[in-house]
Amino acid sequence: MSVLGKITTLLGVGGERSAPPPRYEGITDGLVLTDTDVWAWWTCETSNSDLLGEDERDAEQARAETALTSVLAGMDVHLRVLWSPYSADDYRAEAAEMYRAGNWEEWAEDRATRLDQIALPIRHVLLGVRLGGRRRPAGRRITEAAGVSHSGVPARELATWHAAARRLGRRLESSPWRCSAATVELLAWMVTREQHRGVPAPVDGRSLVTGAALAALTRGRALPYPDHLRMVDAAGDVAAWVAVLPMVSFPERMLSPGPGEWLRILAEVSYLPPDEDQGDAVGRLAPVSPEASVRLRVLPKRQAIARTDETAKLVREQTRSASTHAIGDPGQVITDAGEAMAELRADLEREHLSLVEDHPRLVVTSTIGLEDLRARVDAVSAHYADLGITVQVGVDEQRAMWLETWPGDRVRVPDLGHVRDTAAMAGAWWWGGARVGSDHGPVIGYLTGSTPGVVRLPPVADGRDATTVAYIGRSGKGKTTAGMMMALEAAFHGAWVLALDFKGDLGGLTAAADRYGLPSRLVQMNRAHAGAADLIPLLAEAGRDAARAEVPAQLSLVTPAHLRAAGAEVALQAATNAVISSSPNPATWQVVQHLRDSVDAVAAATGEALYELSQTPHGALFMGRPEPGAVPPLNTQPGVWVVQLPGLSLPGPGEERERWTSVQALSVAVMHSILAYGVTTAGRPDLRTLAKVIMVPEVHVLTGTVQGRHFLDYIARVGRALGVRFGLDTQDATGLLMLPGVIEQLAMVIGFQLTSAPQQDALAELLGLPVCKETRERIRSLADGHGDETRHGHSITRDQRFGAATTQWDVPTAELLDLLDTSPRAAEDTDAEAAHDGVHV
């Protein structure tokens, strides 16, 4: 600032710099009204620019340029990028709406405590547009001059401004920013947060904030210093130290993606707090979270061309002046400027392009102290200096620049602005970053892209979209643990959860369910659980007739070929009908005994063969006789039901039935039981309102059999109608692509590390990402941590809106992580516990 400027500012006649702050007269949904102006405000939706392909990025940026020149041309625009901490208290308040089963209060508290620990900032991008000036009736001016205050906004005036905001908002909704009107709560928070008073905005239940409630939002006090401001709270203590940094120079050309995205990269700035300056800094860096305030005006094309012509005229005058003097040569700078103006004018006439005059400011805040603030400021300056952008403290301009950031204010320091084309402004990508998941539901982890935030995913089907979720990745990278976490979330929601465990490592799921008071049962393929997968009692709730067809078909699978040729299948059907019709508590072991007692030689021989097979671990599970007092088999009550079937020896695709070994036949029969149980339960009309989740790890086990492929296809296709969330866990992305019925019904895809190019390309296709070298490398590096560490649970998530972003699955407690451990050591512990305790109930 010049000496004259300092003197005039001191005397209170410093033009815009010393103008009084805006006087707010009303805040409502989408509108902020001051005594002189009306501003409409919208929130901008985050785009998943981190993972966009080059063509998609170019197309979206071109649409943003078009929106700037066609929608916002000639308007005063105020762009704000703000941060707020994610409120764990809000999550605690939401818990009663999300959970209803087990010790859900403890589960929600563990989640909330973890959210407090990681303290994720949430980005808010707001776009304000000045709709016009307010006319003050003569009568009102007289009353105010007489000292009689007036508060409130006339309803007719408010309706007029709302209509204008809606007209503009409809055009902004279809822009890449996908704008939606900011709520009155958000706007009140935006106003009051600048005061750092620690007092909540008094807007609860209000649709229009005026009068005393509005005045309470701006009762803060700021003490300006040459290089910062000190914000004083309600008790008179310094609550925050704030510095406003103008961005004074940019490179002549900037690439996007890259340095050109100077607004998107705000979240990437980190610093080393002053009290941690000893030793290795790895893991101690903290986010600075600088905020942005950019006031801009897009020039209509005619004005932009006129501005270019004026500059070109000045260049010509300087060239002529140089030619008439001894110097002769105008210099390379003037020559380059002339050529640049000629090119720019041609672009303005030929393309959908204009100029924008913008005044960017970064706001850095510390609630710790002045030294911490200065460390943050240095980090911001250094970060942008690496990109060729000069950011520095606005010395002796702090008050004026701070007031500039207020919604409804004006440009107060016009000499620190820039004129650039709209392509450069759109390339800042203020709406870019990472976003995935739902707006509601449990928090399952957090974003790891260029913008931080929580990830929320619905654990059960909502009946409005496809319901199949695929977890794809290498063994040991976290996909099964992620599936178990979603299964637990569904169980707390009150869902019936069936997990088919073909590896034998899901025992921790029932242990975790038991820990939090959820009904659970672990069924293992051994004689201790004889009859646990018996189809007759499993299908009893669906009606006894459901078992009349399924049981003979299942027993036929394990009946020796020579007996089937002799007519054993007729005997199987007759025995099944007889037992179901006569026994009060029918079971498959009774069918076997009925055959053994038959006077018919074929029937008796069939019964003896089946009895011997029922003594094996495989056969005992579906046709063995339970021990007296054994725990009842699986049922359809809400809870977690895990069936462990490790060691199945299934026949290969196309292998003739006559060539099956007895172990293969028993394996197919066991699977028949579980799949028939799952399909029947999912399709029961009386259970349509029950939330259901079926989890299938190692999906390739099913794809090798006709029954398995039919099961996958059926559940995937009818899952939405039946209210079933279908979770598939596989290491084989290419095999999953061979199931078109399943692929078409994918609601979400969660991809973990894969290392081979074919698998990476298949996963990229499922995620909707470009199939290219960059995507392969991104998938390969998902599990890379610091040094030689493996980063478990790091994934790329594609949600139901087909957005994709990198995410980190989060287990809230170390105890729960140990319970869900799927390593061989954990499997041994689970087997020992099951042998000692039987099953979890």
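Everything numeric in this text was worked out from a predicted model, so none of it was measured.
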Got a second to check how far Ile694's CD1 is from Thr681's OG1, nearest 0.5 Å?
7.5 Å
According to ring-ring contact (aromatic ring centres under 6.0 Å, His included), who are the partners of Tyr91, at least two apart in sequence or on a separate chain?
none
Could you pull out the closest heavy-atom pair between Ala267 and Trp83, with the gap in Å?
CB-CH2, 3.5 Å
Stepwise, does the side-chain contact (heavy atoms from CB on, under 4.5 Å) test hold for Phe752 with Trp809?
CA-CA 11 Å; Phe752 297 81; Trp809 287 76; 4.1 Å; yes
Pairing residues for His124 by the side chain to side chain donor-acceptor pair (under 3.5 Å) criterion, not counting sequence neighbours
Ser84
Please list, chain by chain and in numerical order, all residues satisfying side chain to side chain contact (heavy atoms under 4.5 Å, CB included) with Ser450, sequence neighbours excluded.
Asp50, Arg264, Glu268
Taking atom CD as the centre, does Glu45 end up with more than 12 heavy-atom neighbours from other residues, nucleotides or ligands that are less than 6.0 angstrom away?
yes
Would you please name every residue forming a side chain to side chain donor-acceptor pair (under 3.5 Å) with Asp89, sequence neighbours left out?
Arg92
Heavy-atom pair with the smallest gap, counting every atom of Ala682 and Ile715:
CB-CD1, 4.0 Å
Could you check if a side-chain atom of Pro646 sits within less than 4.5 angstrom of a side-chain atom of Lys503, using non-hydrogen atoms only?
no
Could you check whether any side-chain heavy atom of Val643 comes within less than 4.5 Å of a side-chain heavy atom of Asp501, counting everything from C-beta outward?
no
Among residues two or more places apart or on two chains, list those pairs meeting salt bridge (charged side-chain N to carboxylate O under 4.0 Å, His left out) that have a residue in residues 445-458.
Glu94-Arg456
What's the shortest heavy-atom distance between Leu457 and Met486, and which atoms?
CB-CE, 4.0 Å
Distance in Å, Gln637 CD paired with Leu690 CG, rounded so as to fall on 0.5 Å steps:
8.5 Å
Using side-chain heavy atoms (C-beta onward) and a distance below 4.5 Å, is Gln554 in contact with Ser673?
yes
Is there a side-chain contact between Leu82 and Trp189, using heavy atoms and a 4.5 Å cut-off?
yes
Is the shortest heavy-atom distance from the side chain of Arg123 to the side chain of Thr46 under 4.5 Å?
yes
Leu509 and Ala499 have their tightest heavy-atom pair at CD2-CB, 4.1 Å
Among Glu105, Glu106, Glu489, which residue satisfies the salt bridge (Lys or Arg N to Asp or Glu O under 4.0 Å) criterion with Arg111?
Glu489
Worked verdict on Thr113 versus Glu109 for side-chain hydrogen bond (donor to acceptor under 3.5 Å, both in side chains):
CA-CA 6 Å; Thr113 301; Glu109 182 58 33; 3.2 Å; yes
The side chain to side chain contact (heavy atoms under 4.5 Å, CB included) partners of Arg688 (sequence neighbours excluded) come to Leu722
The reported gap from OG1 in Thr806 to CG in Leu51 (rounded to nearest 0.5 angstrom) is 6.0 Å
Sequence-distant partners of Asp810, side chain to side chain donor-acceptor pair (under 3.5 Å), two or more places apart:
Arg114
Can you name the side chain to side chain contact (heavy atoms under 4.5 Å, CB included) partners of Gln731, sequence neighbours left out?
Ser475, Lys479, Glu698
Would Thr480 and Asp729 count as a side-chain hydrogen bond (donor to acceptor under 3.5 Å, both in side chains) if you check the C-alpha gap in whole Å, the side-chain angles of each, and the deciding distance to 0.1 Å?
CA-CA 7 Å; Thr480 303; Asp729 168 353; 2.7 Å; yes
Does either side chain, that of Asp29 or that of Thr183, offer a donor lying less than 3.5 Å from an acceptor on the other one?
no
Between Phe492 and Trp104, is the ring centre distance below 6.0 Å?
no
Please test Gln800 against Leu746 for side-chain contact (heavy atoms from CB on, under 4.5 Å), starting from the C-alpha separation and ending with a verdict.
CA-CA 8 Å; Gln800 61 271 23; Leu746 285 178; over 6 Å; no
When rounded to the nearest 0.5 angstrom, what distance separates CG in Leu736 from OG1 in Thr468?
9.5 Å
Point-to-point distance, once rounded to the nearest 0.5 Å, from CD of Gln808 to OH of Tyr446
4.5 Å
Which residues pass the side chain to side chain contact (heavy atoms under 4.5 Å, CB included) test with Asp784, sequence neighbours left out?
Gln753, Arg780, Ser781
Tell me, with the steps shown, if Glu550 and His672 meet side-chain hydrogen bond (donor to acceptor under 3.5 Å, both in side chains).
CA-CA 9 Å; Glu550 295 289 350; His672 182 93; 2.9 Å; yes
Write down the atom of Ala691, the atom of Val460, and the distance for their closest heavy-atom approach.
CB-CG1, 4.0 Å
Could you state the interatomic distance from CD1 (Ile118) to OH (Tyr86), rounded to the nearest 0.5 Å?
10.0 Å
Chi angles and distances behind the side-chain contact (heavy atoms from CB on, under 4.5 Å) call for Val699, Leu712
CA-CA 9 Å; Val699 130; Leu712 293 172; 4.2 Å; yes
Tell me, which pairs form a ring-ring contact (aromatic ring centres under 6.0 Å, His included) where one or both residues lie in residues 465-486, sequence neighbours left out?
none
Looking only at heavy atoms, the pair that brings Arg521 and Trp641 closest together is CB-CE3, 3.3 Å
Arg100 side chain near His493 side chain, heavy-atom distance below 4.5 Å
yes
Among all residues two or more places apart in sequence or in another chain, which pass the side chain to side chain donor-acceptor pair (under 3.5 Å) test with Thr797?
Thr807
Report yes if some heavy atom in the side chain of Phe622 is under 4.5 Å from a heavy atom in the side chain of Asp534; otherwise report no.
no
Identified side chain to side chain contact (heavy atoms under 4.5 Å, CB included) partner of Val642 from the options Thr510, Val523, Leu498:
Thr510
Hits for ring-ring contact (aromatic ring centres under 6.0 Å, His included) against Phe726, two or more places apart or cross-chain, chain-then-number order -> Phe711
I would like to know whether Leu120 and Leu447 meet side-chain contact (heavy atoms from CB on, under 4.5 Å); could you show each step before the answer?
CA-CA 9 Å; Leu120 286 170; Leu447 296 166; over 6 Å; no
Would you check, one step at a time, whether the test side-chain hydrogen bond (donor to acceptor under 3.5 Å, both in side chains) holds for Gln745 with Thr467?
CA-CA 7 Å; Gln745 303 303 322; Thr467 59; over 6 Å; no
Are the side chains of Ile674 and Leu645 in contact, using a 4.5 Å heavy-atom criterion?
yes
Can you list the steps and then say if Arg515 with Glu815 is a salt bridge (Lys or Arg N to Asp or Glu O under 4.0 Å)?
CA-CA 10 Å; Arg515 162 66 179 79; Glu815 177 192 12; 2.9 Å; yes
